[in-house]
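Inspection log for the structure reproduced underneath, given as structure tokens.
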Amino acid sequence: MSSLAETRILNIEKIRDEFPVLHQLVNGKPLVYLDNAATSQKPKRVIKALTDFYECYNANIHRGIHTLAEKATKAYEETRLAMQQFIHAKHIEEIIFTRGVTESINLVAATYGRAFLKEGDEVIISGLEHHSNIVPWQIICDEKKASLKIIPITEIGEMDLDVYSKLLSSRTKIVAVNHASNSLGTINPIKEVITLAHNFGAVVLIDGAQSSAHLEIDVQDIDCDFYCISSHKMYGPTGTGILYGKKNLLERMPPYMGGGEMIKDVTFAKTTFNEIPYKFEAGTPNIADVIALHEAVNFIKELGKENIAAHESELLQYASEKLSNLPSVRLVGTSKNKVSVQSFVIEGIHHFDVGQMLDTRGIAVRTGHHCTQPLMERFGIEGTVRASFAVYNTKAEIDLLMEGLQRVISFMNNK
Amino acid sequence: MSGDLKKLYSEIIKAHNETPFHFEKRDSASHTIKAYNPICGDRFEIFIDNHPGKINEVHFHGFGCAISKASTSVLTKSLVGKMPDEAIALCSTFLDFINKKLPDNTLNLQDDFQAFIGVHDFPERYDCATLSWREMKKFLESNKKNQ
Ligand SMILES: Cc1ncc(COP(=O)(O)O)c(C=O)c1O
């Protein structure tokens with residue numbers, strides 16, 4: 001994360017005004033939304049882009065010469081350009097719209113994996129992965145009789161790179177890890193992970209679900225082969241996201257789904273496929289949400305990712321310090337290098353009960369295994385309470401969280 | 001803390017959560033019933049020792065939220081010494097009570113059933129309260145059929 005010296009202080013109150021959902025009472029208390037790692041709230045401009053589309057120029061894209069269709073197609077393709085710039089991809093056709101990270105990973109597993117994995121090959125993931133970066137690899141490894149290797153996680157929640165470098169071999173064909181962990185917040189040393197994998201000729205997929213709203217992404221600099229993003233985790237609408245893939249790889253990969261848009265020429269004897277990216281965009285896509293995603297990118301760009309990160313890391317530090325001062329609270333995930341996510345457990349009180357009691361005070365946190373069961377097992381726990389922060393959160397909200405937790409602890413201990 | 005929460009986490013529930021009834025693993029049990037909720041991760045094992053025709057001993061082990069743990073503890077305690085048919089009837093009564101299917105909730109239910117009345121205000125906790133009871137009822141019914 002950038003140092004404070006070069007960042008601009010953001011006007012958080014003004015930013016909060018952009019988010020209608022934040023200004024409501026939940027169970028009679030002002031909403032304190034601390035579940036941003038699950039999904040972030042949406043600014044007015046994103047919501048407006050959605051209604052504008054449906055009210056003014058709803059049409060199918062790439063298929064008509066009428067005015068509305070042209071306008072819709074142009075707006076859709078402009079988001080592609082915005083996403084190219086957002087992650088510094090070399091070519092615009094390297095940006096494929098999907099439903100989000102889950103679909104992006106499944107796409108790579110089902111096409112690249114199915115075409116290029118052979119019996120005896122190995123796929124490496126880490127112990128920090130979300131189920132969506134585990135299960136697709138299990139499915140394709142099963143099918144191909146390849147094996148799945150796991151980079152172990154240290155006590156503070158970091159990947160053990162020594163073990164990783166020993167796992168790598170000429171059998172390694174794919175490495176898939178996240179940029180930042182959704183359960184612990186750990187920012188992973190992906191550039192190192194990628195360089196090491198490339199030494200063995202393996203391709204690397206990065207799950208960017210938790211990084212896109214917080215970290216600078218430069219796919220050419222890190223030299224990853226695939227990068228996956230979900231719009232809804234970066235102030236954009238649900239139901240869309242991207243897969244970035246290096247052009248030469250995407251061109252060699254077979255298509256994912258068959259249908260309209262992804263074809264060049266169809267006869268019953270033979271079909272030729274469209275060029276990338278359209279080869280991977282079968283059917284009518286999620287046009288409205290893709291178009292609105294552009295506004296989310298603009299929102300982040302105008303605030304400046306480095307300024308967002310500076311504000312969030314201040315919140316994270318404030319929360320972690322306060323939490324660790326609460327008796328019977330244990331932090332889970334204490335790497336120095338984190339996005340604004342803090343998991344914790346309270347001795348003797350189940351996370352579900354904590355979440356329920358906080359909810360009655362209008363505080364939204366996530367409880368459970370966060371779709372990372374193997375990681376929970378690694379720490380010998382069933383789940384955690386997780387507070388995750390976005391640019392619109394404040395220290396005052398963290399104070400309310402602390403007050404709520406104190407009440408939970410004394411209530412359950414009959415004090 | 002709001003009144004509703006005090007009702008949800010009643011003193012009886014908190015007591016069962018803190019010192020559950022017969023909370024131990026029994027590898028030698030005649031039957032082990034698993035109750036697992038993949039969504040929240042609650043996971044219990046209930047161990048039954050049968051005497052011919054009768055449930056002799058019941059123990060349980062595992063983890064879950066206060067509501068699910070207390071409800072499993074109450075289940076364990078309630079089944080001791082019961083005939084299978086009585087046990088099935090008890091499960092039905094508890095499940096109907098939580099699901100608001102009893103004609104009158106103030107029926108003379110035992111106190112540790114009544115302790116769960118607060119769940120009625122928190123529909124998202126129905127599953128917590130009923131998890132082990134549902135699995136137990138399923139087990140008892142299929143066990144009866146197989147005999
Ligand atoms: C690290 C990580 N990977 C993948 C996903 C899946 O993203 P989506 O549900 O948007 O496809 C998530 C979302 O929870 C995540 O946090």
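Computed from a predicted structure; not experimentally measured. Order of the sequence lines fixes the chain letters, A, B, ..., with proteins taken first and strands second; residue numbering starts at 1 for each chain.
- Contact annotation: the side chain of A/F352 never approaches that of B/E124 to less than 4.5 Å [non-hydrogen atoms, C-beta and beyond].
- Listed by chain and residue number, B/I13, B/H16, B/F116 satisfy the side chain to side chain contact (heavy atoms under 4.5 Å, CB included) test with B/A70 (two or more places apart in sequence, or in another chain).
- Atom-to-atom distance recorded for B/F63:CZ and A/H350:NE2 is 9.0 Å, nearest 0.5 angstrom.
- Counted within 6.0 Å of CG on A/N325, heavy atoms from surrounding residues, nucleotides or ligands total more than 12; the atom is thus considered enclosed.
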Under the side-chain contact (heavy atoms from CB on, under 4.5 Å) rule, what do B/L8 and A/Q356 come out as? Steps first, then yes or no, please.
-> CA-CA 10 Å; B/L8 176 65; A/Q356 166 99 68; 4.0 Å; yes

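- For the atom pair NE2 (A/H351) and SG (B/C40), the distance works out to 7.5 Å, reported to the nearest 0.5 Å.
- Applying the side chain to side chain contact (heavy atoms under 4.5 Å, CB included) rule to A/E321 yields the partners A/Q317; only residues at least two apart in sequence or on another chain are considered.
- No more than 12 heavy atoms of other residues, nucleotides or ligands lie within 6.0 Å of NZ in B/K77, so this atom counts as exposed by the packing criterion.
- No more than 12 heavy-atom neighbours from other residues, nucleotides or ligands sit within 6.0 angstrom of CD1 on B/I39.
- From B/R125, atom CZ reaches atom CG of A/D353 across 5.0 Å, with rounding to the nearest 0.5 Å.
- Taking all atoms of both residues into account, the shortest heavy-atom contact from B/A66 to A/M412 is CB-CE, 3.9 Å.
- Pairing each heavy atom of A/F411 with each of B/L5, the nearest pair is CZ-O, 3.8 Å.
- Residues of residues 364-377 of chain A placed with any heavy atom under 4.5 Å of a heavy atom in chain B are listed by number as A/H369, A/Q373.
- Of residues 129-145 of chain B, no residue lies under 4.5 Å from chain A by any heavy-atom pair.
- Annotation: B/R26, atom CZ; neighbour count of heavy atoms from other residues, nucleotides and ligands within 6.0 Å is above 12.
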